[in-house]
Structures are given as structure tokens and as C-alpha cells.
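Worksheet: one structure, shown below.
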Amino acid sequence: MILTGSKIHHLTYTRYTMNVKLYSSLLVVFMTDAVWTQSITTMEYDDPYDWSYYSFECPQECFCPPSFPNALYCDNKELKAIPIIPARIRYLYLQNNLIDTVTEKSFVNATQLKWINLNKNKITSSGIVKGVFSKLKGLLYLFLEHNELEEVPAPLPTSLEQLRLAGNKITTIPEGAFSNLENLTMLDLHHNKLLDSTLSSTTFQGLKNLMQLNIAQNSLTQMPPILPGNVVQLFLDNNSIEAIPEHYFDTMLKLIFLRLNNNKLTNEGLPNRIFNISSLLDLQLSYNALTRIPAITVHLEHLHLDNNKISSVNGTQVCPIPIPGDYVNERNLPRLRYLRLDGNEIKPPIPFDLMLCFRLLQAVVI
């Protein structure tokens, strides 16, 4: 194609105009990009979930996950001391370290803490500064399992909902240690060195909302004096308890799960109808010295009596109601569904009257 002078001039002018527009557009884009970058930089400091904003706060020996900015992972680091905890942290993981002291310095800024896991360290009772936990007003969960504690730490924050102290050397519970913990729903003291003298009638006073109490694997020979009435699960395995006082469970109207395996209970140590608890669904009495099946209620669903000294079973005597006739509504039958009797001196077959009574049984182990 041949271009004349006027056409070349027109084309040149057109290209010039296009270049000016292009340069202008690029300038606008550049300026816009600069403004956008500036606004993003500003937003980084306003966004509570932006990793770059919080990274400088993360203790160098710990890990602060970008996707979970309120958590601080300092577990399995061979730490000997608790680092300074940033103010934003709510969930603190310090398990599996060599920490032996807990001081206020670490928590001076940590006013939002909800969860502290200090399991499997070397913390002693003398290593905990008195009142260090009570100043954490919003703390809900405190885990101090498998340390070297000789007594329950006190005082504790009134906000606490779970306290786990298993696997220590606790022999002492300070007077009033639990008196202000009205929000506590779970207390785990199993595998310690609690004695009968450790527990008084006021030890658990104030635990109005306690639902789970675990005192298994201690050195008790008696049932704890007075327990909170709202307890749903009670664990007393692996002690040396020989008897249960009459009317012991009368005030425990919500008890569903009771475990007394591996104790020294005998027939004489169980008052008549001691387990007449309408709420009770699961009763475990394995590895004791019982020679007969204790009386149960129609509501009980699981009964563990393995490894006792029971030699025979009389279904008529065991049945919590008169043996039902042929035509009976299922709602009126005993609710027992699982019965374990192995490890005793009972020989098959299963007594027929036992099956006539407990018609909802799904498993019998002999």
C-alpha cells in the first residue's frame, strides 16, 4: 500500500495521540498502583488476621500459625521457661517441655488467655508464683497434668471451667482451693497421692456446676466425705475403698456414670439398695471382692461385675421388679442391656430367669 504525505502526517498525528493517551493511562495505572499499595500497607496493620502484622510479636522459640492468630504453639521445644506471651493470644500450648516455674512476667500482657496447656513439664508447687493464675480473669481451661505438683495450685480464677491435674504427686488440697470455682464443670485429680485425710467435708464445697470428678488411682480407703450434687460422672477406680456409707448417693440426683473398679468392696461394704439411683445408667464394679450381684434399679443399662468372686446368679433375686409375665409393655421392663460377669466362678448356661427378667439384654459376658 502507498501512503501520500497527507496520509503520513495524519498517521503520525494519530500515533502521537495514541502514545499520549497510552502514557497517560500508564501514569494513571502507576499512580493508582501506588495508592493501592499504600492502602494495602495501611490495611496490614488493621487486619487482626494478617500474618505479617503479628509475626514480629511471635516468640522466636514458638510457632504462630497464620491461620490461627490467637494461638501460640511452644510445645516440644525443650523450653525451660515460659516466654512473654503476646496480648492477642487466647490458646497457649506449652506441653512437653522442661519448664519448672510459672511466673507473672510471662503473662503480664496475656489478658485474653482462655486455654493453657502445661502438661508434661517439671513444674513443682513451689515453682508456681502464688496467684499467678488467678490474675487471668478469662481463663477457662488449665492443664497441668504429669508435672511434679505436691498440692493443688491456689488461688485459681473464678472463670475456670476445666482443671486437669492428673499424674502429679498431690497430697494436699489447700483449704478453700475450690470454693470460688462455681463455673468448674470438670476436675481431674486421678493418678496422684490423695489420702483420706486429704479430703474433708468442705473440700469440694462451692463446685456447684461440677459434672465430672475423677479421683481414680489415689490412696483412698473411704469414699470422699461430701461430693457436689450435680456430678454426672464419678471415677473412683484403683483405690482401696472397702465400703460405701448408707445413703451416700441420696443427694446426687444427676449421677449417670459411676466407676469403682479395682477397689476392695465386699458385700458387707454395700448397704442394701445403695445403688438405688434413678439417674444411674452405667455402673462399674469390676475387680472387687463381691460374691453376689448387688441390687440395681430398673433404669440401669450397663453393669460391669467381672473379676469378682460371684459363684452363682439367681435371676429372681437380681431382678429389680417381679419377673415380668408374657404380656408386658417394653416401657415397664428393666433397661439393662449389657451385663459382664466373666472372671467370676459362674458356669454356663445363663440362668433362664435372668433372661426372663432382663429381656432387653443385648450382651451377657460370662
Side-chain angles (χ1 to χ4, degrees), residues 33-149 153-168 181 183-188:
D33 185 62
V35 174
W36 181 80
T37 304
Q38 185 178 9
S39 64
I40 287 297
T41 304
T42 303
M43 285 176 64
E44 285 179 353
Y45 293 95
D46 294 333
D47 184 356
Y49 295 99
D50 185 80
W51 167 239
S52 62
Y53 173 58
Y54 289 123
S55 60
F56 74 94
E57 282 190 315
C58 188
Q60 61 179 0
E61 59 269 66
C62 303
F63 171 59
C64 300
S67 59
F68 198 9
N70 297 126
L72 182 61
Y73 290 86
C74 307
D75 51 310
N76 297 289
K77 302 292 185 182
E78 297 187 354
L79 298 181
K80 294 184 178 180
I82 301 174
I84 304 299
I85 309 304
R88 73 179 188 278
I89 298 302
R90 296 183 183 179
Y91 306 95
L92 177 59
Y93 299 89
L94 289 159
Q95 65 270 27
N96 294 303
N97 281 296
L98 304 172
I99 297 167
D100 57 5
T101 57
V102 183
T103 64
E104 295 177 348
K105 180 182 177 182
S106 301
F107 302 104
V108 66
N109 298 319
T111 57
Q112 298 188 61
L113 272 176
K114 302 289 184 186
W115 176 303
I116 299 177
N117 189 334
L118 278 161
N119 292 345
K120 295 185 179 179
N121 277 281
K122 298 184 178 298
I123 301 169
T124 61
S125 293
S126 59
I128 300 177
V129 172
K130 189 174 180 64
V132 64
F133 294 122
S134 64
K135 294 181 179 179
L136 304 174
K137 302 299 184 182
L139 191 64
L140 301 178
Y141 303 92
L142 177 58
F143 301 163
L144 284 162
E145 297 180 342
H146 301 287
N147 278 279
E148 304 293 331
L149 300 178
L156 294 165
T158 58
S159 56
L160 210 60
E161 293 183 2
Q162 287 193 17
L163 177 60
R164 304 193 183 197
L165 299 170
N168 281 279
L181 302 183
N183 295 308
L184 200 70
T185 59
M186 197 271 273
L187 175 59
D188 191 346

**OP:** Applying side chain to side chain contact (heavy atoms under 4.5 Å, CB included), name anything that partners P155, two or more places apart in sequence or on another chain.
**Re:**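 Only K130, S134 meet the side chain to side chain contact (heavy atoms under 4.5 Å, CB included) criterion with P155.
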
Original post:
Which residues satisfy the side chain to side chain contact (heavy atoms under 4.5 Å, CB included) test with N109, sequence neighbours excluded?
Top reply: I84, A87

Subject >> Side chain to side chain, K114 and Y141, heavy atoms closer than 4.5 Å >> reply: no

Original post:
Heavy atoms, side chains only, cut-off 4.5 Å: are F133 and L144 in contact?
Top reply: yes

Closest non-hydrogen atom pair between [X] and [Y], with its separation:
X: P65; Y: A71; answer: CD-O, 3.8 Å
X: L163; Y: L184; answer: N-CD1, 3.8 Å
X: P157; Y: L139; answer: CG-CB, 4.0 Å
X: I123; Y: N147; answer: N-OD1, 3.1 Å
X: R88; Y: P69; answer: NE-O, 2.8 Å
X: I128; Y: P153; answer: CD1-CB, 4.2 Å

**OP:** Name all residues meeting the salt bridge (Lys or Arg N to Asp or Glu O under 4.0 Å) criterion together with E104; count only those two or more places apart in sequence or in a different chain, and write none if there are none.
**Re:** K135

[atom2] on [Y] to [atom1] on [X], rounded to 0.5 Å:
X: K77; Y: I99; atom1: NZ; atom2: CD1; result: 12.5 Å
X: E78; Y: N96; atom1: CD; atom2: CG; result: 11.0 Å
X: D100; Y: L79; atom1: CG; atom2: CG; result: 11.5 Å
X: R164; Y: L118; atom1: CZ; atom2: CG; result: 14.0 Å
X: Q112; Y: N70; atom1: CD; atom2: CG; result: 7.0 Å
X: S106; Y: L113; atom1: OG; atom2: CG; result: 10.5 Å

**OP:** Would you please say whether a donor-acceptor pair under 3.5 Å links the side chains of S126 and T124?
**Re:**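 Looking only at side-chain atoms, T124 and S126 do form a donor-acceptor pair, the distance falling under 3.5 Å.
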
**OP:** Sort out for me which residue in I82, D75, N76, L72 forms a side-chain contact (heavy atoms from CB on, under 4.5 Å) with L94.
**Re:** I82

**OP:** Check each of L136, V102, I85, I89 against I116 using the side-chain contact (heavy atoms from CB on, under 4.5 Å) test, and report the only one that passes.
**Re:**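 With I116 as partner, side-chain contact (heavy atoms from CB on, under 4.5 Å) holds for just one option, L136.
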
Subject >> Side-chain donor/acceptor of N183 to backbone N/O of T158, under 3.5 Å >> reply: yes

Subject >> F143 and W115 aromatic ring geometry - parallel, tilted or perpendicular at 30°/60° bounds >> reply: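 Taking F143 first and then W115, their aromatic rings stand perpendicular (interplane angle over 60°).
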
